[in-house]
Amino acid sequence: MKQTPYYFYDLDLLDDTLNCLKTNIKATKFHVHYAIKANHNKEILKHISKAGLGADCVSGGEIKYALDAGFSSDEIVFAGVGKTDAEIRFALENNIGMIHCESLQEIEVINEIAKETGSVATIALRLNPNVNPLTHEKISTGLKENKFGLTALEFNELLKVHQELKQINIVGLHFHIGSQISDMSVFVELCDRINELVPAFEQSIGELTYLNVGGGLGVDYYEPELNPIPDFKSYFEAFKTCLTISEEIPVHFELGRSVVAQCGSLRTQVLYIKKSETKNFAVLDAGMTELLRPALYNAYHKIQKLEAVTSEPSLHYDIVGPICESSDCFGKDIHLPELKRGDIITISSCGAYAESMSLNYNGREKVQSIAHSSKELISDSTLV
Ligand SMILES: *Cc1c(COP(=O)(O)O)cnc(C)c1O
């Protein structure tokens, strides 16, 4: 048996997900960039770049991952509220397609660095549309109180100076309001805000030739087997029907979670069962270092015993990891068939924001991953 814990990726499901996504944007001017931060596993990146998606990066390191995986530089977009000078220089030298700018000072710094490198930077302005994404507060990004995007104040300041920034070409707008959004009315509201803001952009800056609406489509963490592929149809339909801008303008999307979450799971084994007067604890060999979301956002992941027999009696368990933190808990009072030392547990929907968020806290080493495809041999990889 494979040493646990490890990430298990179902590349067939990834391919089905990518095919469904592509079917829903056929015959449109929609372009999808995969948000690398969701998972930068090499095998996964290779599949996604082969499928023809672009890449959305939030650091110089992610731009490197994207280039190494075969994404072409003009299909890469670069966002982030705190880009360093070195990252900006790296992006300009590699002719990255678009830089999404989040503050006036950042735009001035890009102007300076572009002057030094003898280039003109093509940028889009990330605006904070103040739309409530109706999701967990820690993954909301498009509300006034969030740190992301140019504020209205900064936008007005930019209008006074943008013509003096000779190395900057402002071509459009970027938005990203949050993650794990399941209520499509949120995207309708985003479209309404965009419809208001595009004429304002065109009056004050110039013709808009680029629009990026970000990512954020949610997945079903409760029933991953019933809903392995997110509802791309309703998602893209919302933008098709609600955006009133010219159909000639390309619309870019940045989807992370919805592309990869359901194709991955975390396989781990029970180290110990321990009982108190009121509780049963199952201590696993995986912890918050391999899957941080429950500790960070109280996120729910479906936990199952692998190869469970339904006739087995079931008990309630607190499913915990080995890390020295009380928040290192994957679920409380989880109903599972009776567990014993050595049982294999699978935690679903770990394709996004699990491996990419892994930590070496407590001296933990990076765990392995297995990418499985029915069309190719099983490949094992230790990941960087
Ligand atoms: C994280 C992020 C995304 C992807 O979000 P998902 O919820 O995974 O789709 C897209 N754009 C930006 C700017 C991000 O920071």
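Throughout, residue positions are numbered sequentially from 1 according to the sequence presented. In what follows, every heavy atom counts, from backbone to side chain, and hydrogens, waters and symmetry copies are set aside. Keep in mind the model is a prediction, meaning the values are calculated, not measured.
- Not one N or O on the side chain of Ser258 forms a donor-acceptor pair closer than 3.5 Å with the backbone of Leu255.
- Separation of atoms CE (Met288) and CG (Asn362) is listed at 8.5 Å; rounding is to 0.5 Å.
- In this structure, Arg293 forms no cation-pi arrangement with Tyr353, as its terminal cationic atom is not both closer than 6.0 Å to the ring centre and no more than 45° off the ring axis.
- From Tyr34, atom OH reaches atom CG of Leu45 across 6.0 Å, with rounding to the nearest 0.5 Å.
- A 6.0 Å sphere centred on CD of Glu237 holds more than 12 heavy atoms belonging to other residues, nucleotides or ligands.
- Taking Phe239 as the reference, Phe187, Tyr235, Phe253 meet the ring-ring contact (aromatic ring centres under 6.0 Å, His included) condition, with sequence neighbours excluded.
- Across Ala51 and Leu18, no two heavy atoms sit closer than the pair CB-CD1, 3.9 Å.
- With a 4.5 Å cut-off on side-chain heavy atoms, Asp56 and Ile36 do not count as touching.
- For Ser349 and Gln262, the side-chain atoms include at least one donor-acceptor pair closer than 3.5 Å.
- Side-chain atoms of Thr4 and Gln269 form a donor-acceptor pair, as typed in the model, at a separation below 3.5 Å.
- You'll find the side chain of Thr122 stays beyond 4.5 Å of the side chain of Ile99, heavy atoms only.
- A donor-acceptor contact shorter than 3.5 Å is absent between the side chain of Glu189 and the backbone of Ser185.
- Here the closest non-hydrogen pair linking Cys57 and Ala66 is SG-CB, 4.0 Å.
- Note: the hydrophobic cluster containing Phe175 does not contain Met98 (ILVMFWY, side chain heavy atoms under 4.5 Å, direct or indirect links).
- Ile110 is connected to Leu173 through a chain of hydrophobic side-chain contacts under 4.5 Å among Ile, Leu, Val, Met, Phe, Trp and Tyr, so both are in one cluster.
- Residues satisfying the side chain to side chain contact (heavy atoms under 4.5 Å, CB included) test with Ser276, not counting sequence neighbours, are Thr278, Lys279.
- Expressed to the nearest 0.5 Å, how far NE2 of His252 lies from CD of Glu75 amounts to 8.0 Å.
- Within a 6.0 Å sphere centred on CD of Glu307, other residues, nucleotides and ligands contribute 12 heavy atoms or fewer.
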Exercise. How far apart are the C-alpha atoms of Val81 and Ser103, what are their side-chain angles, what is the distance that settles it, and do they pass the side chain to side chain contact (heavy atoms under 4.5 Å, CB included) test?
Worked result: CA-CA 8 Å; Val81 72; Ser103 67; over 6 Å; no
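- Using a 4.5 Å heavy-atom threshold, the side chains of Asn195 and Leu243 count as touching.
- Residue Ile303 is grouped with residue Leu315 when hydrophobic side chains (ILVMFWY) are merged at heavy-atom distances under 4.5 angstrom, including chains of intermediate members.
- Here Ile96 contributes atom CD1 and Leu92 contributes atom CG; the two are 9.0 Å apart, rounded to the nearest 0.5 Å.
- Phe148 and Val131 are assigned to two separate hydrophobic clusters, defined by single-linkage of ILVMFWY side chains at heavy-atom distances under 4.5 Å.
- A distance-only check finds a donor-acceptor pair linking the side chain of Thr135 to the backbone of Gln180 [under 3.5 Å].
- Contact of the Cys20 side chain with the Asn24 side chain is registered, since non-hydrogen atoms from C-beta on lie closer than 4.5 Å.
- Using modelled atom types and a 3.5 Å distance limit, the side chains of Arg89 and Thr117 yield no donor-acceptor pair.
- For the 3.5 Å distance criterion, the side chains of Tyr361 and Glu325 qualify, holding a donor opposite an acceptor.
- Judged purely by atom type and a 3.5 angstrom limit, Arg267 has no side-chain atom pairing as donor or acceptor with the backbone of Thr346.
- A donor-acceptor contact shorter than 3.5 Å is absent between the side chain of Asn169 and the backbone of Ala121.
- Of all non-hydrogen atoms in Ala352 and Val260, the two that sit nearest each other are CB-CG2, 3.8 Å.
- Looking at Ser369 and Asn41, their side chains do bring a donor and an acceptor atom within 3.5 Å of each other.
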For this session: Begin from the C-alpha positions of Asn39 and Ser356 and carry the test side chain to side chain donor-acceptor pair (under 3.5 Å) through to its verdict.
Result: CA-CA 5 Å; Asn39 193 331; Ser356 62; 5.8 Å; no
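- Here OG of Ser49 is found 12.5 Å from CD1 of Ile44. Values are rounded to the nearest 0.5 Å.
- The stretch residues 164-174 participates, sequence neighbours left out, in no salt bridge (charged side-chain N to carboxylate O under 4.0 Å, His left out) pair at all.
- Proximity of Leu339 to Asn280: side-chain heavy atoms (C-beta onward) are nowhere separated by under 4.5 Å.
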Exercise. Stepwise, does the side chain to side chain contact (heavy atoms under 4.5 Å, CB included) test hold for Ile345 with Val270?
Worked result: CA-CA 7 Å; Ile345 298 290; Val270 177; 3.8 Å; yes
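- Looking at every heavy atom in both residues, Gly287 comes nearest to Ile323 through CA-CG1, 4.3 Å.
- By the 4.5 Å heavy-atom criterion applied to side chains, Ile334 and His316 are not counted as neighbours.
- Linking Ile, Leu, Val, Met, Phe, Trp and Tyr residues whenever their side-chain heavy atoms come within less than 4.5 Å places Val32 and Phe78 in a single cluster.
- Annotation: salt bridge (charged side-chain N to carboxylate O under 4.0 Å, His left out) contacts involving residues 327-351, sequence neighbours excluded, comprise Lys305-Asp343, Lys340-Asp343.
- Between Phe236 and Phe232, the ring planes are parallel. Angles under 30° get that label, and only those over 60° would be called perpendicular.
- Here the closest non-hydrogen pair linking Lys29 and His31 is O-CD2, 3.7 Å.
- Side-chain contacts under 4.5 Å among hydrophobic residues (ILVMFWY), followed directly or transitively, place Leu271 together with Tyr272, Phe281, Val283, Val320.
- Taking the six-membered ring for Trp and the full ring otherwise, the centers of His372 and Tyr9 sit at least 6.0 Å from each other.
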Side-chain polar contacts of residues 204-217 - donor-acceptor pairs under 3.5 angstrom, sequence neighbours left out - could you list them?
residue: Ser204; atom: OG; partner: Ala200; partner atom: O; Å: 2.7
residue: Tyr210; atom: OH; partner: His100; partner atom: NE2; Å: 2.7
residue: Tyr210; atom: OH; partner: Asn212; partner atom: ND2; Å: 3.0
residue: Asn212; atom: OD1; partner: Gly214; partner atom: N; Å: 2.8
residue: Asn212; atom: ND2; partner: Glu254; partner atom: OE2; Å: 3.3

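- Not one N or O on the side chain of Asn360 forms a donor-acceptor pair closer than 3.5 Å with the backbone of Gly363.
- In this structure the side chain of Val109 never reaches within 4.5 angstrom of the side chain of Glu106, judged on heavy atoms.
- With a 6.0 Å radius and a threshold of 12 heavy atoms from other residues, nucleotides or ligands, Gln105 has its CD atom at or below the threshold.
- Gln167 places no side-chain N or O within donor-acceptor distance of the main-chain N or O of Asn111, the cut-off being under 3.5 Å.
- Proximity of His301 to Ser348: side-chain heavy atoms (C-beta onward) are nowhere separated by under 4.5 Å.
- In this structure, the separation between NZ on Lys83 and CD on Glu102 is 5.0 Å, given to the nearest 0.5 Å.
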Exercise. Does the pair Leu13 and Ile229 meet the rule for a side chain to side chain contact (heavy atoms under 4.5 Å, CB included), with working shown?
Worked result: CA-CA 8 Å; Leu13 177 55; Ile229 298 180; 4.0 Å; yes
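- Between Arg364 and Ala286, the shortest heavy-atom contact is NH2-CA, 3.9 Å.
- Residue Lys22 qualifies as enclosed at atom NZ: its count of foreign heavy atoms under 6.0 Å is above 12.
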